[in-house]
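What follows is a short report on a single structure.
Scope of the values below: all heavy atoms of this structure, side chains included, with no hydrogens, waters or symmetry mates. Starting from 1, each residue takes its place in the sequence as its number. All ligand and atom numbering here is 1-based and tracks the order in the structure.
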Amino acid sequence: MKKLILITIFALIAFLSACSNTPNVEDDDVDCTIEPTHEDCTDDPNDYPVEPTNPLLDPSYEYIDYNEAFDQDHYDQIMVEVEAILHSLTLAEKAAQMVQAERGSITPAQVRTYGVGSILSGGGSHPSSYNDSADVWYDMYEAYQDAALESGSGIPIIYGIDAVHGNNNLYGATIFPHNIGLGATNDPELIYNISKATAEEMLTTGINWTFAPALSVVQNIRWGRTYEGYSENPMVHDRLTYQAIAGFQDAGVAATAKHYLGDGGTYNGIDQGNVIVANDIVEALHLAPYLEAVKADVDTVMISYSSINGVKMHGHDYWINDVLKGTLGFKGFVISDWNAIHQLSGSFEYQVEQSINAGVDMLMEPSRWQETIQAIVNNVNNNKITEERINDAVSRILYIKFKRGLIDDPYARLSTSYLYNQEHQDLAREAVRKSLVLLKNDDNALPLAKDDTIYITGPGANNVGYMSGGWTTYWQGNNNADIGVGTSIYDAFYDVISSNGGQLVNNMTDASTVVVVLAETPYSEGVGDNGTLTLTSGNAHPDNTTALQIAQTAQANGKNVIGILISGRPLLLEDHLESFDAFIAAWLPGSEGGLGIRDVVFGDYNFTGTLAFTWPIDFAQVGYTSNEEDYDEDSVLFPFGYGLQYID
Ligand code: BGC
Ligand code: BGC
């Protein structure tokens, strides 16, 4: 443990000293990002707006030393009960506890016969239809739970789902910004509240296990999962991870720290690829958030599809057994990713053997769950896996089932009044405001006046589906403008403009301000891997091309041109930035994107978001991050920590 912490601290010091000669603090005593109204910050009219100082120097980035959440007495009490159950189980029943099936591939009758330990809904795997109500979800959950209680072991299932930005598979749930936006807020309390709200919306369906938060420390924005991570820099994870987990677990939902280990560090950002760096770098960059996760007493850890130096994580005895369960002292259970063990070598039975012996406790085998139970039993009978190892795995699973209250009350549920309630909408809107990063604001192009004459265009202008991105309604996201909840940018602007004497017009010529909303189309996982990253290729929306032409023409005609980019990562802006007087990175803001953007664009709130990712100038610079010891802020388009503000 000591060595790992030392390395993290060493890395921290390295970051700090690398940046200690950055001269943007105006005065020895005054930091204008903290005291923007201080006279030293406001007396020069050219200071409007100023760049905040690099957050690496900002005290708000300081490491927060949270308490160990683990409660030894409670653990000991539970383990007495776990022991008693464990001894009453047959080998087949134990093996079944170690298996997770997908709802589409298992019936309640099969749960009754086999007594599996867990069921999941994959991305977009609804009980029957995309707009199923919370009651329909609960009925499904209840039917499985009834069956589990009637099975031989009588042990309730734990049901897992990817509630990664709100309970995003449930129609009508609040959709919060994806993690890339939350990283830009750098606000641990906000992150706690979002996890808690997400947990409450999950519990309206009875489901109490989320496969979140992703703790990916993303080193290359080509990766399709970039937006699932908070930042390129583990300092941001150090601040946010504990609260992200505590928010779920305080509300009664089991969290999952994923994907262990190094998912964000694969060569060239290839999804499920290979991390090729020395172990001390793996520790400093990728293991760091897991120290926080274990401190927060996270219930489960999901293993990454990826490899470290050629060894698949799902068979990585050293990182799982020695480091996670040994050095870090993780007490919960380890789950494999979707069919991930199939990427190990040899027969299926051998894949099961390798992963369980490396420390995986539960196997996410969406459709081959029956075969998996048999493979575990065979491996024990053939002396490939010890009974002791099986007992350890099942104890961990039962421990979490007790800890989450499933054994005492498997039917617990919250009222559907929690769904998309006002409090959650307000919270999501606050998160949007705080996540926006103002990249450019020439001649105070922003804030806009509410009585302005505005033309809004571009593919992201009137589409809540695009603002929500992947893992919304469906695995690959929802392309519909109307996803049942939320307000588009167009609608949000329309309301404020029309009630303040302004006008939204239908063509550029009549407008004094032109707002161009560029977008990526939704994607998740490897589908989003992108080898070009421009505004007009790869996952970028094809209509960006026309929108950029409009921006250019508007600029040539002397209009005030505002750009808003809806995207899961920085995209290469090339020379397009010249067409805009102001430019905002809005990430994937979710259902309240329109209202949160409006709040800041019209000056009711200030911008506070800062880049948690380096914004590269060109493709050659992709992969260059603030983790470099000699990080040169001036060499990139916008450095880590950048973000403008209004100062009056
Ligand atoms: C993803 C995980 C996810 C799981 C279940 C996998 O493909 O990598 O992040 O939790 O599916 O949907
Ligand atoms: C599922 C996801 C899963 C993915 C893995 C999809 O069909 O819906 O949950 O992560 O497959 O490839």
Under 4.0 Å from a heavy atom of [X]: which atoms of ligand 1 are those, numbered in the order shown and with their elements?
X	value
His259	2 (C), 8 (O), 9 (O)
Arg225	1 (C), 2 (C), 8 (O), 9 (O)
Phe211	10 (O)
Asp337	1 (C), 2 (C), 3 (C), 4 (C), 6 (C), 7 (O), 8 (O), 11 (O)
Met302	2 (C), 10 (O)
Trp338	6 (C), 7 (O), 11 (O)
Lys258	2 (C), 3 (C), 9 (O), 10 (O)

Using distance alone, determine whether Asp162 and ligand 1 share an N or O pair under 3.5 Å.
yes
Report the part of Trp475 (side chain from C-beta onward, or backbone N, CA, C, O) that has a heavy atom under 4.0 Å from ligand 1; answer both or neither where that applies.
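Neither; no heavy atom under 4.0 Å.
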So which atom in Asp361 and which in Ile397 form the shortest heavy-atom distance, rounded to 0.1 Å?
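In this case the closest contact between Asp361 and Ile397 is O-CD1, 3.6 Å.
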Are His316 and Ser307 close enough that a side-chain donor and a side-chain acceptor fall under 3.5 Å?
no
Looking just at side-chain N and O atoms, do Asp146 and Tyr411 make a donor-acceptor pair shorter than 3.5 Å?
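There is such a pair (donor and acceptor under 3.5 Å, judged by atom type) between the side chains of Asp146 and Tyr411.
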With Trp369, which of Leu363, Ile106, Ile119 fulfils side-chain contact (heavy atoms from CB on, under 4.5 Å)?
Ile106
Which residues share a salt bridge (Lys or Arg N to Asp or Glu O under 4.0 Å) with Glu592, sequence neighbours left out
none
Please work out whether the ring planes of His314 and Tyr305 are parallel, tilted or perpendicular, with thresholds of 30° and 60°.
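If you compare the ring of His314 with that of Tyr305, the planes turn out tilted.
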With sequence neighbours left out, the residues meeting ring pair (Phe, Tyr, Trp, His ring centres under 6.0 Å) with Tyr171 are Tyr130
